[in-house]
Amino acid sequence: MSSSSRYNSLPLVSLLISFFVLSTLHAAASSHGDFLNCITLHSNSRIPIYTPKDSSYSSILRSTAECLRFNSSTTLKPFLIVTPLKESHIPTVVICSRKNGIHIRVRSGGHDLEGLSYAADVPFIIVDLLHLRKVNVDVKNKAAWVQTGATIGEVFYKIAKKSNTLGFPAGICPTVGTGGHLSGGGYGSLVRKYGLASDNVIDARVVDVRGRILNKTSMGEDLFWAIRGGGGASFVIVVAWKIRLVPVPPTVTVFSVDKTLEDGATSILHKWQQVAHMLPPEIYIIVSIGAGDVSSSGKIRKDPMIATFISLFLGDATKHKKLMDDEFPELGLASNDFTEMSWIQSVLVLAGLPANTSTDILLNMPQKKLFFKGKSDYVRQPISQTGIEMMWKRLVDDRQTALLLTPYGGRMSEISESETPFPHRDGVLFDIFYYSSWDEEQDVDSEKFRNELRITHEFMTPYVSKNPRESYVNYRDLDLGQSSNGTASYSKAAVWGYKYFKGNFDRLVSVKTKVDPDNFFRNEQSIPR
Ligand SMILES: Cc1cc2nc3c(=O)[nH]c(=O)nc-3n(C[C@H](O)[C@H](O)[C@H](O)COP(=O)(O)OP(=O)(O)OC[C@H]3O[C@@H](n4cnc5c(N)ncnc54)[C@H](O)[C@@H]3O)c2cc1C
Ligand SMILES: *[C@@H]1O[C@H](CO)[C@@H](O)[C@H](O)[C@H]1NC(C)=O
Ligand SMILES: *[C@@H]1O[C@H](CO)[C@@H](O)[C@H](O)[C@H]1NC(C)=O
Ligand SMILES: *[C@@H]1O[C@H](CO)[C@@H](O)[C@H](O)[C@H]1NC(C)=O
Ligand SMILES: *[C@@H]1O[C@H](CO)[C@@H](O)[C@H](O)[C@H]1NC(C)=O
């Protein structure tokens with residue numbers, strides 16, 4: 001920002017203050033005025049701030065809000081949306097919010113499954129990082145600095161623009177933001193070869209509760225440990241990550257095949273559970289299961305249940321096919337099932353786009369927004385054939401829910417449970433992401449669909465991990481326990497805390513107690529002191 005923008009700040013802010021003086025929506029209007037005065041005093045350049053009266057407020061609020069469940073008239077809206085333009089704006093926002101007792105929610109990609117980055121049931125403001133999305137790729141040192149307003153799709157794109165033999169291990173949905181994703185783990189097609197996105201963070205710039213900008217060295221080992229898997233929003237605002245780029249071959253291979261019950265989906269899935277986590281780390285085979293009418297490849301389903309097996313192999317089609325013929329012949333693949341492409345094209349294909357789509361789409365992904373609710377599980381013992389058959393029956397009754405099964409093993413088994421807060425490592429065969437979605441808000445059905453998902457999750461109890469029943473923090477699920485104002489007692493929070501973090505929960509609590517003793521950074525499932 002040039003210093004000339006400073007001269008814009010006073011009229012804008014006084015205009016905003018006058019809105020607040022008139023506003024009867026929030027009793028604490030004067031503290032909002034104090035907040036805006038504080039921002040003007042502390043910042044030497046204009047920080048764009050939107051109130052509900054601004055014409056662009058709604059479009060900014062909705063822009064990255066991924067889940068339509070929180071687009072209802074009964075959801076409390078932020079009384080301000082603050083959109084920092086540069087790193088130095090963030091300390092100002094933190095200092096002024098804290099001074100005036102203002103509750104903040106930080107938003108990166110807006111994919112939180114419970115909307116915690118843009119919805120709350122106490123008065124709050126959003127600090128939206130949408131303007132902070134620079135990605136600086138350093139091919140020579142195989143590293144990049146990524147501001148947390150950037151999506152993972154933008155990171156993939158910027159890497160691929162500079163090199164076709166470097167990539168980054170992160171999720172398969174390109175619109176996910178780097179702020180939430182990397183602070184909670186983050187995995188996709190390179191998980192077996194290179195682990196989580198957070199396993200490949202080598203430095204970070206954060207703003208702490210005192211408004212200090214810290215890096216890996218100055219924040220200390222404990223905090224640097226906590227932000228790489230402990231979940232966004234409990235400790236600091238992460239401004240940027242330094243990530244390690246990983247080698248990918250110039251040619252990778254993909255297949256996607258549908259298997260119906262008639263094709264033997266039950267026994268094929270049973271076999272998949274035994275092989276997928278044991279195969280060489282260069283191969284990743286996920287399974288998407290659902291009872292909808294149309295499969296993920298767009299075919300109309302005659303069968304009530306389809307399991308789609310999707311694979312990425314870091315190598316050519318010949319090697320990919322040989323590996324499948326040797327280790328998993330039950331899938332019955334033919335040569336023309338395999339398609340060779342560059343790694344960046346595989347990002348598009350795994351996101352459900354045609355292989356010939358221009359990669360530019362990653363900078364501006366079309367998003368069909370839905371109402372949804374998610375849950376997760378970890379499987380450590382193969383589910384029996386009978387169990388799988390019962391699961392098909394349950395999914396026919398819960399047609400709104402699809403399951404995505406991701407194999408672990410490989411690199412994931414080499415990293416100890418306590419190396420980062422993400423504990424689901426050796427011994428995990430695969431994880432399950434339950435995703436129930438519907439595209440119309442009919443209050444009755446919405447509640448019904450969510451309950452069906454809860455029943456499905458309950459139904460899966462005998463087949464999944466126990467003591468604790470593990471969950472993935474990035475598939476946030478408030479059914480596991482919450483507190484409305486982020487002040488859960490330790491014992492209440494420990495219920496979800498051990499599911500998400502196992503024994504690492506206690507270290508997260510001690511880091512929290514040290515770095516944010518007044519619990520400024522909080523939400524329904526933030527780490528308690
Ligand atoms: C459709 C869909 C597909 C998904 N696919 C995958 C997948 O393939 N693999 C996978 O691992 N996960 C996946 N996820 C889950 C995803 O990783 C998490 O939802 C992640 O937390 C989203 O990050 P975000 O920045 O987009 O979300 P946001 O909603 O912006 O943030 C999530 C949380 O992090 C906090 N936060 C955000 N930015 C910061 C910051 N800079 N500093 C501190 N706290 C911050 C927010 O306050 C909030 O609490 C998927 C989710 C959806 C909805
Ligand atoms: C969100 O709600 C608003 C107001 O009801 C509506 O106009 C808008 O279409 C909704 N957004 C989506 C994507 O459905
Ligand atoms: C981290 O910050 C400290 C203190 O500001 C500084 O001396 C150091 O050079 C920084 N480290 C890196 C790797 O940038
Ligand atoms: C991609 O391929 C399909 C056929 O498979 C074709 O119809 C379409 O026009 C192609 N799109 C582009 C952008 O080349
Ligand atoms: C939060 O809620 C609890 C009860 O759930 C209440 O005891 C506590 O005072 C509340 N704290 C704040 C800061 O509102």
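Each ligand, and each atom within it, is numbered from 1 in the order the structure gives.
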- [ ] Tell me, please, whether F224 has R228 positioned over its six-membered ring: NZ or CZ under 6.0 Å from the ring centre and within 45 degrees of its axis?
- [x] yes

Open item on the list: In this structure, does ligand 1 have an atom that sits under 4.0 Å from one of the heavy atoms of F372?
Closed with: yes

Open item on the list: Any carboxylate oxygen within less than 4.0 angstrom of a Lys/Arg side-chain nitrogen, looking at E221 and K514?
Closed with: no

Open item on the list: Taking ring-ring contact (aromatic ring centres under 6.0 Å, His included) as the criterion, tell me which of F422, F501, Y434, W496 meets it with Y472.
Closed with: F422

Open item on the list: Does any N or O of ligand 2 fall below 3.5 Å from an N or O anywhere on N71, backbone included?
Closed with: yes

Task: Under 3.5 Å: N/O of Y187 near N/O of ligand 1 - done: yes

Open item on the list: For ligand 1 and T175, I'd like to know whether there is a polar contact (N/O to N/O, distance under 3.5 Å).
Closed with: no

TODO: Report the C-alpha separation of H424 and Y378 in whole Å, then their side-chain angles, then the decisive distance to 0.1 Å, and conclude whether the ring pair (Phe, Tyr, Trp, His ring centres under 6.0 Å) test is met.
DONE: CA-CA 8 Å; H424 322 288; Y378 283 89; 4.0 Å; yes

Open item on the list: Quick test of your reading of the model: are D516 and R210 salt-bridged, counting only N-O distances below 4.0 Å?
Closed with: no

- [ ] Verify, without hydrogens or angle tests, whether S97 (side chain) and V93 (backbone) share a donor-acceptor contact under 3.5 angstrom.
- [x] yes

- [ ] Heavy-atom contacts with G171 under 4.0 Å: which atoms of ligand 1 show up? List them by number with element.
- [x] 7 (C), 8 (O), 9 (N)

TODO: Report the C-alpha distance between F433 and Y475 in whole Å, list the side-chain angles of each, state the deciding distance to 0.1 Å, and finish with yes or no for ring pair (Phe, Tyr, Trp, His ring centres under 6.0 Å).
DONE: CA-CA 8 Å; F433 176 33; Y475 292 147; 3.8 Å; yes

- [ ] Identify, for atom 8 (O) of ligand 1, the protein heavy atom at the shortest distance, and state residue, atom and that distance.
- [x] I172 N, 3.0 Å

- [ ] List the closest protein heavy-atom neighbour of atom 47 (O) of ligand 1: residue, atom name, distance to the nearest 0.1 Å.
- [x] V106 O, 2.6 Å

- [ ] Among all protein heavy atoms, pick out the one at the shortest distance from atom 33 (C) of ligand 1; state its residue, atom name and that distance to 0.1 Å.
- [x] D112 OD2, 3.7 Å

Task: N519 side chain to R522 side chain, donor-acceptor N/O pair below 3.5 angstrom - done: no

- [ ] Mark up the atoms of ligand 1 that fall under 4.0 Å of a heavy atom belonging to T148, in ascending order.
- [x] 41 (N)

Open item on the list: Tell me whether F433 reaches ligand 1 (any heavy atom closer than 4.0 angstrom to a ligand atom).
Closed with: no

Open item on the list: Does the protein place a non-hydrogen atom closer than 4.0 angstrom to atom 10 (C) of ligand 3?
Closed with: yes

Task: G184 heavy atom under 4.0 Å from ligand 1 - done: no

Task: Heavy atom of Y475, distance to ligand 1 below 4.0 Å - done: yes

TODO: Evaluate the side-chain proximity of I126 to V82: yes if any heavy-atom separation is below 4.5 Å, no if none is.
DONE: no

Open item on the list: Could you check whether any side-chain heavy atom of R192 comes within less than 4.5 Å of a side-chain heavy atom of R411, counting everything from C-beta outward?
Closed with: no

TODO: Around atom 3 (C) of ligand 1, find the nearest protein heavy atom and jot down its residue, atom name and distance.
DONE: C173 CB, 3.5 Å

Task: N523, portion touching ligand 1 at heavy-atom distance under 4.0 Å - done: side chain

Open item on the list: At less than 4.0 angstrom from any non-hydrogen atom of A233, what atoms of ligand 1 do you find?
Closed with: 35 (C), 43 (C), 44 (N), 47 (O), 49 (O)

Open item on the list: Please compare S437, G180, G232 and report which has the shortest non-hydrogen distance to atom 37 (C) of ligand 1.
Closed with: G180

Open item on the list: Contact between ligand 1 and H181 is defined here as a heavy atom of the residue under 4.0 Å from a ligand atom; is it met?
Closed with: yes

Open item on the list: Show the atoms of ligand 1 that are less than 4.0 angstrom away from any heavy atom in L129.
Closed with: 41 (N)

Open item on the list: Below 3.5 Å, N or O to N or O, backbone or side chain included: is there any such pair between G109 and ligand 1?
Closed with: yes

Task: Minimum side-chain heavy-atom gap Y187-M412 below 4.5 Å - done: no

- [ ] Report yes if the side chains of L116 and R105 come closer than 4.5 Å at any heavy-atom pair, otherwise no.
- [x] yes

- [ ] Just jot down the ligand 1 atoms closer than 4.0 angstrom to any heavy atom of G177, in number order.
- [x] 23 (O), 24 (P), 25 (O), 26 (O)

Open item on the list: Can you name the atoms of ligand 1, numbered from 1 with element, that are less than 4.0 Å from a heavy atom of R107?
Closed with: 30 (O)

Open item on the list: Just to be sure I read this right, does ligand 1 sit under 4.0 Å from the backbone of R105, its side chain, both, or neither, counting only heavy atoms?
Closed with: neither

Open item on the list: I want to know if ligand 1 touches T178 in the polar sense, i.e. an N/O pair below 3.5 angstrom.
Closed with: no

Task: Donor + acceptor pair across side chains of E470, Y500 (<3.5 Å) - done: no

TODO: Using atom types as modelled and distance alone, determine if a side-chain donor or acceptor of N71 lies under 3.5 Å from a backbone N or O of L68.
DONE: no

Task: Residue and atom name of the nearest protein heavy atom (relative to atom 51 (C) of ligand 1), distance in Å to one decimal - done: L113 CD1, 3.9 Å

Task: G185 touching ligand 1 at heavy-atom level, < 4.0 angstrom - done: no

Task: Chi angles and distances behind the ring pair (Phe, Tyr, Trp, His ring centres under 6.0 Å) call for Y435, F372 - done: CA-CA 7 Å; Y435 183 82; F372 62 80; 5.1 Å; yes

Open item on the list: Are any of the N/O atoms on N215, whether in the backbone or the side chain, positioned under 3.5 angstrom from an N/O atom of ligand 3?
Closed with: yes

TODO: Using a 4.5 Å cut-off on heavy atoms from C-beta on, say whether the side chain of L453 contacts that of K375.
DONE: yes

Open item on the list: If you count heavy atoms of other groups shown closer than 6.0 angstrom to NZ of K99, is the number above 12?
Closed with: no

Task: Within-4.5 Å side-chain heavy-atom neighbours: F235 and L223 - done: yes

- [ ] Among all protein heavy atoms, pick the one closest to atom 4 (C) of ligand 2 and tell me residue, atom and distance.
- [x] R62 NH2, 3.6 Å

Task: For atom 15 (C) of ligand 1, the protein heavy atom that lies nearest, with its residue and separation - done: N474 O, 3.4 Å

Task: Heavy-atom protein contact below 4.0 Å for atom 2 (O) of ligand 3 - done: yes

Open item on the list: Are the side chains of K242 and V201 in contact, using a 4.5 Å heavy-atom criterion?
Closed with: no

Open item on the list: My question is simple, although I want it checked carefully: is atom 14 (O) of ligand 3 less than 4.0 angstrom from any protein heavy atom?
Closed with: yes

Open item on the list: I need the nearest protein heavy-atom contact for atom 53 (C) of ligand 1: residue, atom name and distance, please.
Closed with: H111 O, 3.5 Å

TODO: Name the closest protein heavy atom to atom 11 (O) of ligand 1, giving the residue it belongs to and the distance to 0.1 Å.
DONE: Y472 OH, 2.7 Å

TODO: Look at ligand 1 and say whether V236 reaches it with a heavy atom at a distance under 4.0 Å.
DONE: yes

